[in-house]
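In this chain, residues are counted from 1 in sequence order. Since this is a predicted model, take the numbers as computed values, not measurements.
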Amino acid sequence: MSRIVNKKVKSDLKIVIVGNSGTGKTSFCTRWVKDTFTDNYKATIMSEFSYRIYEYYGNYYKIQFWDIAGQDKNIYTSKIFTKGAHGSIVLCDITNPDTMRETLKWKKAIDENTKFIDGKLLPSVLVQNKIDLVDESQLKSDQEVKEFVESNGFVNFFRTSCKNGIGVNECMEYLI
């Protein structure tokens, strides 16, 4: 990181990350920002902030992560945290099908609370996390998930393992 500290940051990009408690939001942030993982996380209260300087075609960007706590009450206060955001990640736990359905309420809150000046919705990526905990035969087909993504206004989906680092960088590169 020291080699890019002295580089000029072209702009800041704000990414909000939402989803039910226990889906791995903080793990996702920590994996991308610090490239680490730990099993010992405390539940996020309200929100946490982290960032990473990211190089893209010779330009440097400060990517801010706003990790919003996963309790239902925070869906309604998320407007405070989503103001000025450029994109969102909506996480679910692939081992818990209820969290996939719950992504819709988080996506709705993002859509209601955050729009660009021209009225367009924030690009939101669906992330099915904890892929390391399931067998491929247990997964819905890519086609089924793509249909869910398209019918609910997500721009794409990724399957990730924050523990093993699978899919996290690809997701962020796509969203950025």
Side-chain angles (χ1 to χ4, degrees), residues 13-52 63-79 81-82 85-114 121-134 138-140 142 144-176:
L13 296 175
K14 181 178 178 178
I15 308 294
V16 294
I17 186 163
V18 297
N20 284 15
S21 291
T23 56
K25 297 177 301 296
T26 301
S27 292
F28 188 96
C29 294
T30 303
R31 173 55 73 182
W32 196 71
V33 171
K34 298 179 182 176
D35 196 24
T36 60
F37 176 84
T38 182
D39 288 318
N40 301 321
Y41 284 105
K42 295 180 196 170
T44 303
I45 311 272
M46 294 304 284
S47 78
E48 291 187 12
F49 170 82
S50 58
Y51 75 92
R52 173 179 161 183
I63 310 300
Q64 303 173 25
F65 261 126
W66 289 73
D67 174 3
I68 300 172
Q71 293 83 16
D72 280 345
K73 65 181 178 175
N74 292 317
I75 289 175
Y76 305 106
T77 60
S78 63
K79 186 172 188 173
F81 302 116
T82 59
H86 298 94
S88 72
I89 296 171
V90 183
L91 236 77
C92 67
D93 175 347
I94 204 159
T95 68
N96 181 349
D98 291 339
T99 64
M100 178 77 160
R101 287 186 292 278
E102 294 284 309
T103 61
L104 298 180
K105 72 180 181 184
W106 292 100
K107 173 75 166 75
K108 181 180 177 186
I110 293 289
D111 291 350
E112 289 175 352
N113 292 324
T114 312
L121 299 176
L122 228 56
S124 294
V125 173
L126 173 69
V127 171
Q128 295 179 306
N129 192 32
K130 303 184 183 182
I131 191 74
D132 56 296
L133 300 178
V134 296
Q138 297 171 292
L139 299 175
K140 289 187 177 192
D142 284 357
E144 285 179 279
V145 180
K146 283 179 186 176
E147 288 171 10
F148 179 86
V149 162
E150 289 172 8
S151 65
N152 291 293
F154 291 97
V155 295
N156 205 346
F157 82 97
F158 290 86
R159 291 184 175 132
T160 65
S161 167
C162 296
K163 183 175 187 174
N164 299 332
I166 298 167
V168 174
N169 287 336
E170 293 81 0
C171 175
M172 287 304 301
E173 288 171 10
Y174 177 86
L175 187 56
I176 291 168

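- Listed by chain and residue number, Ser161 satisfy the side chain to side chain donor-acceptor pair (under 3.5 Å) test with Asp132 (two or more places apart in sequence, or in another chain).
- Side-chain contact of Asp67 with Thr26: a donor-acceptor pair under 3.5 Å is present, judged by distance alone.
- How far NZ of Lys14 is from OG1 of Thr114: 8.0 Å, rounded to the nearest 0.5 Å.
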Please step through side chain to side chain contact (heavy atoms under 4.5 Å, CB included) for the pair Lys25 and Phe65, ending with a clear verdict.
CA-CA 10 Å; Lys25 297 177 301 296; Phe65 261 126; over 6 Å; no
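- Using a 4.0 Å cut-off between charged nitrogen and carboxylate oxygen, Arg159 and Asp142 count as a salt-bridge pair.
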With side chain to side chain contact (heavy atoms under 4.5 Å, CB included) as the criterion, how do Val134 and Leu139 come out once you've worked through the C-alpha distance, each side chain's angles and the decisive distance to 0.1 Å?
CA-CA 8 Å; Val134 296; Leu139 299 175; 3.6 Å; yes
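- Contact check for Leu122 versus Asp111: no side-chain heavy atoms found under the 4.5 Å cut-off.
- To the nearest 0.5 Å, atom CD1 of residue Ile63 and atom OG of residue Ser50 are 11.5 Å apart.
- Ring-plane geometry between Phe154 and Phe148 is classed as parallel, the angle between the planes falling under 30 degrees on a 0 to 90 degree scale with a further cut at 60.
- Between the NE2 atom in His86 and the CD1 atom in Ile15 there is a gap of 8.0 Å [rounded to 0.5 Å].
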Between Leu175 and Ile89, does a side chain to side chain contact (heavy atoms under 4.5 Å, CB included) hold up when you go through it step by step?
CA-CA 9 Å; Leu175 187 56; Ile89 296 171; 3.7 Å; yes
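- For the residue pair Thr160 / Asn129, a side-chain donor-acceptor distance below 3.5 Å is found, with atom types taken as modelled.
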With side chain to side chain contact (heavy atoms under 4.5 Å, CB included) as the test, would you mind laying out the steps for Asn20 and Asp93 before giving the verdict?
CA-CA 9 Å; Asn20 284 15; Asp93 175 347; over 6 Å; no
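- Aromatic ring centres of Phe158 and Tyr174: separated by under 6.0 Å.
- The structure places CG of Leu126 at 13.5 Å from NZ of Lys146, a figure rounded to the nearest 0.5 Å.
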